[in-house]
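Worth knowing before you read on, the calculation uses all heavy atoms, side chains too, and leaves out hydrogens, waters and symmetry mates.
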Amino acid sequence: HKGIYGLGYRCAVARQYMSGGRKLVFTRDLTEAVQLARLRRLSERGHIVLFEMHEILHAQHQRNSSEARWKKTKALEQNVLDSLDWLVGINESLVGPAREIFGYKGPVLVEPSGYNPSLFRELPLFCPESPWPGESDDVQLLYIGRLLPGKGVEELVEAMFHLPERFK
């Protein structure tokens with residue numbers, strides 16, 4: 001996140017990274033992983049760094065962005081993969097490109113996305129126990145996320161075209 005909140009967050013991450021003791025550091029976002037790669041180069045703390053890869057981001061940018069932008073993203077991804085101890089891929093199809101495109105040679109764990117059913121449960125919607133919304137009730141959909149190409153906004157707008165008018 002850009003702004004004061006983002007700056008405070010990055011400072012807190014740096015403070016924790018640079019503080020005493022060996023740590024296991026796990027990140028799921030390229031921006032955070034880039035920061036950790038930089039911290040790692042500045043200070044050999046002996047931390048073990050894991051990165052959870054969700055996509056080959058520069059490949060998405062190739063379709064939707066300028067050449068300069070996707071090449072910058074590819075360089076950031078390379079920087080991160082060069083500094084890792086472990087790569088966690090959310091599917092097997094990410095492992096090949098990580099090794100072939102970026103030359104990643106370290107260990108990999110493939111762990112599909114999921115949820116903890118002891119913390120989260122399916123809500124009983126659209127059933128007799130929970131009839132809302134009714135067939136004529138409005139349904140409001142809310143997107144929470146970045147408005148960047150490749151993040152799903154285009155697909156959401158396209159899907160809205162196919163929904164009944166009661167979906168806003």
* **Short side-chain to backbone donor-acceptor contact, Glu55 and Gln60, under 3.5 Å** => no
* To do: Compare all side-chain heavy atoms of Phe51 with those of Leu36 and state whether any distance is below 4.5 angstrom.
  => no
* Does any non-hydrogen side-chain atom of Met53 lie less than 4.5 Å from one of Leu81? -> yes
* Hey, could you give me the CD1/CH2 distance between Ile48 and Trp86, rounded to the nearest 0.5 Å? => 10.0 Å
* Structure fact -> Output for pair (Lys71 NZ, Ser65 OG), nearest 0.5 Å, gives 13.5 Å
* Spell out, as yes or no, whether a donor-acceptor pair under 3.5 Å connects the side chain of Tyr104 to the backbone of Leu87. => yes
* Any side-chain heavy atom of Ile101 within less than 4.5 Å of one from Glu77? -> no
* Structure fact -> So CG of Leu57 and CH2 of Trp70: to nearest 0.5 Å the spacing works out to 12.5 Å
* Asked: So do the side chains of Phe26 and Glu52 get within less than 4.5 Å of each other, counting heavy atoms only?
  -> yes
* Does any N or O in the side chain of Arg99 come within less than 3.5 Å of the main-chain N or O of Gly106, such that one atom is a donor and the other an acceptor? -> yes
* Measure the CG-NZ distance between Leu163 and Lys168 for me, rounded to the nearest 0.5 Å. => 11.0 Å
* Take Val13 and Glu32 through the side chain to side chain contact (heavy atoms under 4.5 Å, CB included) test and state the conclusion after the steps. => CA-CA 9 Å; Val13 168; Glu32 295 163 353; over 6 Å; no
* To do: With the side chain counted from C-beta on, respond yes when Leu94 and Val108 share a heavy-atom pair under 4.5 Å apart, and no when they do not.
  => no
* Checking Arg45 side chain against Met18 main chain: does a donor-acceptor pair fall under 3.5 Å? -> yes
* To do: Step through the shown structure and confirm whether more than 12 heavy atoms of other residues, nucleotides or ligands are within 6.0 Å of OH on Tyr9.
  => no
* For the hydrophobic clusters of this structure (ILVMFWY residues joined by side-chain heavy atoms under 4.5 Å, transitively), does one cluster hold both Leu84 and Ile56? -> yes
* To do: Ignoring hydrogens and angles, tell me if any N or O in the side chain of Ser43 forms a donor-acceptor pair with the backbone of Leu39 under 3.5 Å.
  => no
* Is any side-chain heavy atom of Leu50 closer than 4.5 Å to a side-chain heavy atom of Asp85? -> no
* Distance in Å, Thr27 OG1 paired with Gln35 CD, rounded so as to fall on 0.5 Å steps -> 9.0 Å
* Asked: Below 4.5 Å, heavy atoms only, C-beta onward: do Val139 and Asp137 meet side chain to side chain?
  -> no
* Roughly how far apart are His58 NE2 and Arg63 CZ, rounded to 0.5 Å? -> 10.5 Å
* Asked: Checking Gln78 side chain against Phe102 main chain: does a donor-acceptor pair fall under 3.5 Å?
  -> yes
* For the hydrophobic clusters of this structure (ILVMFWY residues joined by side-chain heavy atoms under 4.5 Å, transitively), does one cluster hold both Val110 and Ile90? -> yes
* To do: Report yes or no: do His47 and Arg40 form a side-chain donor-acceptor pair below 3.5 Å?
  => no
* To do: Could you tell me whether Lys23 atom NZ has more than 12 heavy atoms of other residues or ligands within 6.0 Å of it?
  => yes
* Transitive ILVMFWY side-chain link Val80 to Val95, under 4.5 Å -> yes
